[in-house]
Colleague: 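This is the structure I want to talk about, given as structure tokens.
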Amino acid sequence: MPATVSFSVTSAHGPRTVTVSYTRVGSGEPLLLLHGIGHHRQAWDPVVDILATERDVIAVDLPGFGASPALPDGLAYDLSTVVPVLGSLCGALDVDRPHVAGNSLGGLLALELGREKLARSVTAFSPAGFWTPAERRYAFAVLLAMRHTAQRIPLPVVERLSRTAAGRTVLTSSIYARPGRRSPEAVVAETLALAGAEGFAATLRAGASVRFTQDLPGLPVTVAWGTKDRLLVRRQGVRAKQIIPRARLVRLPGCGHVPMNDDPALVARVILDGSH
């Protein structure tokens, strides 16, 4: 069952209380899991049990996504705000410099946590921030279309579509290479999460000017990209390797933008190998 934790963060308008929903399972060194924009912590469900055999796994709903409330007034959804919020979250959970794995927006946040010396290793799956302006515009257009669809389709229709592999393809093929593998219940839940994500619009606006341009010397970094990523194309992984030369660049055959469901065993192995 998910838990919640509340903690205080500073803002230009004084202290603000942030509440985050999370699950925690397993034992070993701490591993923080961060999902992408419009998604929720259940994106990691296919790999959590595997990871929990060797790690203390903390999967969070980012503020304004999933079951986590929106950030309070006075706090923006930009990197300079969200990264310290995640640092404060770790403090509230009594976790010191966890390993961090993230997907898409979560991958960018993982890299930023590494840059701020708040992570002991980083594994980033199709991280945002290595795009050209044209690639970013394309990705944002797809995300906005997905959000619009999720908000417009009546729930009974979503539920009906989720019951067949073809229907799940209609709903989720932008992010999964093998959408038929996702369970009907998971597809309904993540469609609702995308439709209801309070932080979506502000996060997308904040991302318009984001580029990751700094090396992370001395930090173990893995960048992994699905060969069938249709949202952030895989040549962005080559750019990431150029910016972070010592990073391990891993190819995920047959995986889409959210690879955890497409090949759970491979994704778990990449995380465990990268988080010693």
Side-chain angles (χ1 to χ4, degrees), residues 1-7 9 16-24 32-48 57-90 92-93 100-113 124-129 139-140 142-151 158 171-172 174-176 182 185-208 210 231-232 257-258 260-261:
M1 287 293 293
T4 60
V5 61
S6 297
F7 49 93
V9 298
R16 293 287 187 270
T17 299
V18 174
T19 300
V20 169
S21 176
Y22 70 98
T23 55
R24 189 169 188 174
L32 184 67
L33 301 179
L34 305 175
H35 62 77
I37 187 171
H39 222 146
H40 55 176
R41 58 182 162 71
Q42 289 92 332
W44 296 98
D45 281 357
V47 300
V48 163
V57 181
I58 305 160
V60 306
D61 282 324
L62 294 170
F65 297 94
S68 290
L71 287 171
D73 291 345
L75 292 181
Y77 284 88
D78 55 15
L79 292 174
S80 62
T81 302
V82 176
V83 172
V85 164
L86 292 173
S88 297
L89 166 67
C90 290
L93 295 175
V100 185
N103 173 223
S104 196
L105 166 64
L108 171 62
L109 290 169
L111 290 165
E112 290 285 343
L113 285 164
F125 294 92
S126 297
F140 281 25
V142 173
L143 289 166
L144 283 167
M146 290 173 61
R147 163 90 156 172
H148 185 70
T149 300
Q151 291 181 322
V158 173
L171 291 169
T172 65
S174 296
I175 58 172
Y176 298 125
R182 198 76 170 130
E185 298 77 16
V187 168
V188 171
E190 63 196 10
T191 302
L192 292 173
L194 175 57
E198 295 179 89
F200 183 92
T203 299
L204 208 61
R205 284 195 300 273
V210 166
L231 190 67
L232 298 179
H257 182 63
V258 181
M260 296 84 80
N261 191 76

Colleague: If you define the side chain from C-beta out and look only at heavy atoms, does anything of L143 sit under 4.5 Å from I37?
Modeller: yes
Colleague: Less than 4.5 Å apart, any side-chain heavy atom of T19 and any of F7?
Modeller: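 Result no, sub-4.5 Å side-chain heavy-atom pair not found.
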Colleague: Would you sort out whether R24 and I58 count as a side-chain contact (heavy atoms from CB on, under 4.5 Å), showing the intermediate values?
Modeller: CA-CA 4 Å; R24 189 169 188 174; I58 305 160; 3.7 Å; yes
Colleague: Checking side chain to side chain contact (heavy atoms under 4.5 Å, CB included) between V9 and each of P84, S88, P72, which is the one that passes?
Modeller: S88
Colleague: Hey, does S126 have a side-chain heavy atom less than 4.5 Å from the side chain of L231?
Modeller: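 They are not in contact (no side-chain heavy atoms under 4.5 Å apart), so the answer is no.
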Colleague: Donor-acceptor pair, distance only, cut-off 3.5 Å: does the side chain of R16 make one with the backbone of D73?
Modeller: yes
Colleague: What heavy-atom pair brings G102 and A110 nearest, and what distance separates the two atoms?
Modeller: N-CB, 4.2 Å
Colleague: Quick check for you: to the nearest 0.5 Å, what is the distance between M260 atom CE and H35 atom NE2?
Modeller: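 If I round to the nearest 0.5 Å, the distance is 9.5 Å.
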Colleague: With heavy-atom distances below 4.5 Å as the criterion, would you say the side chains of L79 and E112 are in contact?
Modeller: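 Yes, at least one pair of side-chain atoms sits under 4.5 Å.
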Colleague: Which heavy atom of P2 sits nearest to which heavy atom of R41, and what is that distance?
Modeller: CB-NH2, 3.2 Å
Colleague: Please report the closest heavy-atom contact between A195 and A150, naming both atoms and the distance.
Modeller: CB-O, 3.6 Å
Colleague: Identify the heavy atoms of V18 and V85 that sit nearest to each other, and give their distance.
Modeller: CG1-CG1, 4.1 Å
Colleague: Show, in sequence, the C-alpha distance, side-chain angles and deciding distance for V83 and L109, and conclude whether the side-chain contact (heavy atoms from CB on, under 4.5 Å) test is met.
Modeller: CA-CA 7 Å; V83 172; L109 290 169; 4.0 Å; yes
Colleague: Once you round to the nearest 0.5 Å, how far does CG of L32 lie from CG of L89?
Modeller: 6.5 Å
Colleague: L194 and M146: side-chain contact (heavy atoms from CB on, under 4.5 Å), yes or no, with the steps?
Modeller: CA-CA 8 Å; L194 175 57; M146 290 173 61; 3.9 Å; yes
Colleague: For the residue pair P63 and S68, what are the closest heavy atoms and their distance?
Modeller: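 Nearest pair, atom of P63 first, then S68: CA-CB, 4.0 Å.
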Colleague: Do L204 and F200 come close enough that some side-chain heavy atom pair is under 4.5 Å?
Modeller: yes
Colleague: Is there a side-chain contact between L62 and L86 in this structure, where contact means two heavy atoms from C-beta onward sitting under 4.5 Å apart?
Modeller: yes
Colleague: Heavy atoms, side chains only, cut-off 4.5 Å: are L111 and L113 in contact?
Modeller: no
Colleague: For the residue pair E190 / H40, report whether a side-chain donor-acceptor contact shorter than 3.5 Å exists.
Modeller: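 Per modelled atom types, H40 and E190 side chains form no pair under 3.5 Å.
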Colleague: Ignoring hydrogens and angles, tell me if any N or O in the side chain of T203 forms a donor-acceptor pair with the backbone of G199 under 3.5 Å.
Modeller: yes
Colleague: Just so I know, are the side chains of H39 and F65 near enough to count as touching, which here means a heavy-atom distance under 4.5 Å?
Modeller: no
Colleague: When you measure from the side chain of D78 to the backbone N and O of T81, does any donor-acceptor pair fall under 3.5 Å?
Modeller: yes
Colleague: Which heavy atom of G107 sits nearest a heavy atom of P127, and at what distance?
Modeller: C-CB, 3.7 Å
Colleague: Nearest 0.5 Å, what's the OG1-CH2 distance between T23 and W44?
Modeller: 12.0 Å
Colleague: Determine whether the side chains of H257 and S174 contain a donor N or O and an acceptor N or O closer than 3.5 Å.
Modeller: no
Colleague: From L34 CG over to L108 CG, what is the distance, rounded to the nearest 0.5 angstrom?
Modeller: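 Here the rounded value is 10.5 Å.
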Colleague: Taking atom types as modelled, is there a side-chain donor on R182 or Y176 under 3.5 Å from an acceptor on the other?
Modeller: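 Checked: R182/Y176 side chains pair up, N/O donor to acceptor below 3.5 Å.
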Colleague: Rounded to the nearest 0.5 Å, how far does OH of Y22 lie from OG1 of T4?
Modeller: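 T4 OG1 to Y22 OH: 7.5 Å, rounded to 0.5 Å.
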